[in-house]
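Notes to accompany the following structure.
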There are 2 protein chains.
Amino acid sequence: MGNSKNTTKKIRDLKKSRQEILDAAFWEVFTRGFQGVSVDDIVKKTTLTKGAFYHQFPTKMDLGYALVDEVIKPMTYRRWIDPLQKYENPLEGILLLIKNLIGKAKPQELRYGCPLNNLMQEMAPIDKGFKERLEASLLYWIDGMEQELKRAKKSGYVRDDVNIRQVAHFVVMTHEGFYGMLKALDDPKAFNALYDSLKRYFETLKP
Amino acid sequence: MGNSKNTTKKIRDLKKSRQEILDAAFWEVFTRGFQGVSVDDIVKKTTLTKGAFYHQFPTKMDLGYALVDEVIKPMTYRRWIDPLQKYENPLEGILLLIKNLIGKAKPQELRYGCPLNNLMQEMAPIDKGFKERLEASLLYWIDGMEQELKRAKKSGYVRDDVNIRQVAHFVVMTHEGFYGMLKALDDPKAFNALYDSLKRYFETLKP
DNA sequence: GAAACTACATACCGCTTAGTACGTTGTAAA
DNA sequence: TTTACAACGTACTAAGCGGTATGTAGTTTC
């Protein structure tokens with residue numbers, strides 16, 4: 001066992017290998033933190049070795065940067081912004097997304113928090129390169145939220161005098177706050193606090 | 001230089017040494033994270049050595065636990081709950097506290113986030129001992145907030161049908177969310193989003 | 001199909017880490 | 001003043017870390 005010679009010819013694909021490393025790194029970093037994970041940990045979760053890793057990324061930091069730009073940033077947008085376009089009233093969409101993606105999720109899926117928020121807490125204050133990319137990802141999310149709120153305003157679901165940029169900031173803020181609290185609490189009541197309070201807040205935005 | 005013999009008799013005080021270590025550890029962990037700081041880093045910031053450290057704490061983890069129980073937990077309460085008692089209307093107090101402790105703070109003081117939130121993000125998912133203590137600290141904060149909201153209700157500043165436990169959850173949630181966002185943003189506009197939105201939310205709680 | 005290059009695999013290195021072993025000095029009791 | 005112990009200081013270790021040097025096997029080019 002274990003000494004089965006691999007006689008099959010190994011194919012080589014730079015991009016696929018890169019993606020395999022990024023996928024493995026995402027889960028390891030997501031569950032254990034960037035500083036808590038070693039390069040060896042990551043390659044162990046792939047079919048590759050350290051040589052492949054450093055052929056793709058000059059340093060561990062560069063992997064972290066790629067993780068933010070290529071995985072976490074688009075993932076966050078696909079998860080929280082793209083689905084909103086299906087709803088005629090974006091405010092309803094936001095609440096429904098929260099209900100579906102958080103309220104109906106298993107505690108196990110939630111207890112590692114939000115990938116973007118995790119790295120923001122851990123890496124933004126101690127590394128400039130991380131901070132720049134995390135800021136860009138966060139603003140990308142907030143910008144998307146603002147666009148949807150703009151649409152809500154045009155459709156008459158939000159009053160004209162409302163500062164939608166500020167609302168976008170606040171909505172994202174509550175998301176991050178929720179995920180943060182849940183890590184220590186894993187109490188479903190925290191979800192109700194988020195959902196009901198945000199709903200109550202949204203009421204004040206209606207014409 | 002550097003070889004000045006220390007001829008003064010060194011005094012010994014177990015409790016004072018413990019406090020010195022805890023104080024130094026707090027700042028190092030606050031600014032660089034628990035996993036990002038070594039025991040050697042911490043003792044270098046004190047007048048003591050590694051021997052003293054391990055005489056006080058069996059492991060590095062035990063120091064972390066003490067940090068939560070003896071420093072961060074009471075600090076959070078003194079900072080966010082105790083001052084509320086001075087205000088007749090706790091809702092006003094909460095907003096004023098935010099304005100004073102966040103709005104008037106220098107960016108430098110804010111960019112390392114919230115000590116409690118930092119450790120929650122970093123350590124709660126990967127260590128049970130941390131999680132238990134962080135949860136206790138967070139609930140201590142929320143409980144205090146709930147007490148103040150109870151007082152607000154009795155004084156007629158909050159409607160009777162409002163679920164104050166949920167409001168307490170939400171208020172703490174927005175705090176943590178704000179600190180989290182600020183780490184990547186250091187944009188003063190994030191503060192306005194917190195302050196104005198929370199104020200707007202509070203309006204819905206009034207009779 | 002040989003040459004040239006790319007995409008890895010393997011073995012290793014210097015450094016840092018948490019933790020320990022043991023010596024030494026301050027301190028309180030007798 | 002001696003005794004006994006507590007409160008450290010110093011030197012060390014084994015393991016893990018990020019990164020590198022070098023060899024080797026697929027792949028492309030001509």
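These figures come from a predicted structure and were not determined experimentally. Every chain is numbered from 1, with letters handed out A, B, ... down the list of sequences. These numbers come from the heavy atoms of this one structure, side chains and all, not from hydrogens, waters or symmetry mates.
- The shortest distance between the side-chain N/O atoms of B:Lys60 and the OP1/OP2 oxygens of C:dT17 is not below 4.0 Å.
- Residue side chain B:Lys50 does not reach the base of D:dG9 through any donor-acceptor N/O pair under 3.5 Å, judged by distance alone.
- Checked against C:dA18, D:dT27, C:dC8, the side chain of A:Gln56 finds its nearest nucleotide in C:dC8.
- Protein atom CG of A:Asp40 is 14 Å distant from nucleotide atom P of D:dT20, rounded to whole Å.
- Nearest-nucleotide positions on DNA chain C for B:Gln35 and B:Ile11 put B:Gln35 closer to the 5' end.
- Nucleotide D:dG26 holds its P atom 15 Å from the CG atom of A:Asp13, rounded to whole Å.
- For C:dC8, one of the phosphate oxygens OP1 or OP2 lies less than 4.0 angstrom from a side-chain nitrogen or oxygen of A:Ser17.
- Distances shorter than 4.0 Å separate some side-chain N or O of B:Ser38 from OP1 or OP2 on C:dT17.
- Residue B:Lys150 places its NZ atom among 12 or fewer non-hydrogen atoms of other residues, nucleotides or ligands, all under 6.0 Å distant.
- The A:Thr49 side chain lies nearest to C:dT10 when the options are C:dT17, C:dT10, D:dG19.
- Not one side-chain nitrogen or oxygen of A:His55 sits closer than 4.0 Å to the OP1 or OP2 atom of C:dC8.
- B:Arg133 has a carboxylate O that lies under 4.0 Å from a charged side-chain N of B:Asp69, or vice versa, which qualifies the two as a salt bridge.
- Remark: P of C:dA7 and CD of A:Gln19 are 16 Å apart, rounded to the nearest angstrom.
- Among the protein residues, A:Thr46 comes within range of no part of the nucleic acid, since none of its heavy atoms lies under 4.0 Å from any strand.
- Both A:Asp41 and A:Pro58 lie near DNA chain D, and the one whose nearest nucleotide falls closer to the 5' end is A:Asp41.
- Looking at heavy-atom distances under 4.0 Å, B:Val37 makes contact with sugar-phosphate atoms alone, never a base.
- Distance A:Phe53 CZ to C:dC8 P: 14 Å, rounded to the nearest Å.
- In this structure, A:Ile94 and A:Glu148 have side chains that are not in contact, with every pair of non-hydrogen atoms separated by 4.5 Å or more.
- To the nearest angstrom, P of C:dA21 lies 13 Å from OH of B:Tyr54.
- Taking CD of A:Glu122 as the reference point, atom CG of A:Leu134 lies at 10.0 Å (rounded to 0.5 Å).
- In this model, no side-chain donor or acceptor of A:Lys10 finds a partner on the base of D:dA25 within 3.5 Å.
- Put simply, CZ on A:Phe57 is 13 Å from P on C:dA7, counting in whole angstrom units.
- Whole-Å rounding puts the A:Arg12 CZ to C:dA4 P distance at 18 Å.
- Rounded to an integer number of Å, the gap from CD of B:Glu28 to P of C:dA18 is 12 Å.
- A salt bridge links A:Arg165 to A:Asp143: at least one charged side-chain nitrogen sits closer than 4.0 Å to a carboxylate oxygen.
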